[in-house]
Amino acid sequence: MDKRVYGVLGISAIMANWNADFSGYPKTTSTEKIFGSDKALKYPMKKMWDDQGEKVLYIKSLRFEPGKKDTVSLIPRSLKERYEQLFQVEDLKKNTNIEEVLKNLFQAIDVKNFGATFAEQTVNVSITGAVQFGQGFNKYEECEPQEQPILSPFRDAKSSNKEKGEAKNSTIGTKIVTDEAHYFYPFVINPIAYREYVKLGVTNGYTEDDYKRFKETALVSATAYSTNSKEGCENEFALFVETEANLYLPNLTQYITFEKGKVKNKIHISAGKVLEALKEQIKLMEVYYNPDTTEIVDDLEGVKYYHIITRKEV
């Protein structure tokens, strides 16, 4: 691929929790700004690829572990075990051929996009990914976390004691969500990140086909990924700016603001002057959004607008 790609991915979370910290509340900075980590965005993409039968290395997988007295535990695989399972390798410790390991790693679609830190006893390599995400900050200032008490259908047998006897009532838990949040993630795709590995002959580099598969998944993975806390999270916006390989653009999320509307929400893109000044080095600009729920306020010159669900031009 002989170009760079800069862009922004927007994720809405309505009565959902896109990315919680260990307390269960949405992640925040020291100044209480709500944000989502790059890992929160990458995981639904990796899960979607895994469900489609692609090779995904950095994703949780489980196995049974035999214990004492015919007991069996269910535990996550280690990185070594996941590699052996994915690439049909009997024992990584016996395979010290770094060239073969690198070729295998680049077959995994998540490694091809996001890179890898593969630190094992016999093989220790680090691959900087062609695709790099920044942190996704919430642009809706009125966002508020909400606590929902949840009644369990079961009592907690462990809460019994000699004085009070066994617990008589079912337990109460808590679900924490945001009433409404709108996260915007910057990203850049730099295909020359794999230039040295191409010279070594372990990969054909980041190709146009790799980019197309990334783009397709990036537009739908948040919507497709449904768990109890993520139901209500959807892909609502995407901006793709394809440029010459030697053009360097700043973080584009700094040019985006979100405005809550009575009928439709409004997304402002104030990067028009910057992009206009560099138009000779820009090959293509695309914006994806849902015109039924969102309005793009700024009309960027040369941009093609598409419905994020139907993919038809707006």
Side-chain angles (χ1 to χ4, degrees), residues 1-7 9 19 36-63 65 75-136 185-218 221 225 245-246 248 251:
M1 193 169 83
D2 60 346
K3 62 187 176 186
R4 284 177 180 260
V5 182
Y6 297 87
L9 297 178
N19 189 197
S37 74
D38 60 312
K39 308 299 186 298
L41 184 59
K42 289 175 183 176
Y43 184 80
M45 296 182 70
K46 292 190 287 186
K47 187 68 173 66
M48 189 171 186
W49 283 325
D50 188 54
D51 291 342
Q52 292 172 345
E54 300 278 2
K55 282 185 169 64
V56 178
L57 178 62
Y58 289 89
I59 195 168
K60 185 177 181 179
S61 63
L62 304 172
R63 69 174 180 84
E65 172 76 8
I75 63 172
R77 285 187 174 88
S78 66
L79 176 58
K80 173 180 177 293
E81 291 168 340
R82 177 62 176 169
Y83 175 90
E84 292 168 347
Q85 177 205 27
L86 198 62
F87 300 110
Q88 303 297 302
V89 174
E90 184 178 349
D91 189 352
L92 180 60
K93 290 182 179 179
K94 297 178 182 178
N95 183 0
T96 58
N97 186 334
I98 184 66
E99 181 179 358
E100 182 180 332
V101 172
L102 283 170
K103 285 182 178 179
N104 283 339
L105 289 176
F106 275 107
Q107 288 180 34
I109 191 169
D110 58 324
V111 175
K112 192 69 176 292
N113 281 279
F114 309 133
T117 299
F118 195 81
E120 291 297 321
Q121 290 181 349
T122 55
V123 180
N124 192 330
V125 295
S126 179
I127 301 171
T128 300
V131 179
Q132 295 294 329
F133 285 113
Q135 307 300 293
Y185 283 88
F187 72 88
V188 59
I189 302 177
N190 177 22
I192 65 172
Y194 301 146
R195 181 174 53 190
E196 291 300 318
Y197 297 104
V198 173
K199 291 179 181 178
L200 291 171
V202 296
T203 176
N204 59 348
Y206 197 83
T207 66
E208 191 70 33
D209 183 61
D210 292 324
Y211 171 51
K212 287 179 180 178
R213 289 197 290 172
F214 163 82
K215 186 177 181 180
E216 178 62 32
T217 306
S221 57
Y225 183 59
N246 60 349
Y248 302 94
N251 183 331

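Just so you know, these numbers come straight off a predicted model, no measurement behind them.
- The local environment of CD in Gln121 is sparse, with at most 12 non-hydrogen atoms from other residues, nucleotides or ligands closer than 6.0 Å.
- Judged by distance alone, the side chain of Glu84 and the main-chain N or O of Leu92 form a donor-acceptor pair under 3.5 Å.
- A salt bridge is absent between Lys212 and Glu208: the closest approach of a Lys/Arg side-chain nitrogen to an acidic carboxylate oxygen does not fall below 4.0 angstrom.
- Note on Asp110 versus Lys55: no salt bridge recorded, every NZ/NE/NH1/NH2 to OD/OE distance being 4.0 Å or above.
- In this structure, Arg77 contributes its side chain and Leu62 its backbone to a donor-acceptor pair below 3.5 Å.
- Remark: Lys199 engages Glu196 in a salt bridge, criterion side-chain N to carboxylate O under 4.0 Å.
- Between Phe118 and Tyr83, the two ring planes are tilted [angle within 30° to 60°].
- Judged by distance alone, the side chain of Tyr58 and the main-chain N or O of Tyr43 form no donor-acceptor pair under 3.5 Å.
- In this structure, a donor-acceptor pair under 3.5 Å is absent between the side chains of Asn251 and Tyr6.
- Checked by atom type and distance alone, the side chain of Lys215 never pairs as donor or acceptor with a backbone atom of Asp210 at under 3.5 Å.
- Open room surrounds CZ on Arg195; 12 or fewer heavy atoms of other groups in view lie less than 6.0 Å from it.
- Note that the CG atom of Asn97 and the OG1 atom of Thr122 stand 11.0 Å from one another [nearest 0.5 Å].
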Using ring-ring contact (aromatic ring centres under 6.0 Å, His included), reason through Phe214 and Phe187 one step at a time and then give a plain yes or no. CA-CA 12 Å; Phe214 163 82; Phe187 72 88; 5.7 Å; yes

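- The side-chain tip of Lys42 does not point at the ring of Phe133 from less than 6.0 angstrom away and within 45° of straight on.
- Salt-bridge formation is not detected for the pair Asp50/Lys46: no Lys NZ or Arg NE/NH1/NH2 atom is positioned less than 4.0 Å from an Asp or Glu carboxylate oxygen.
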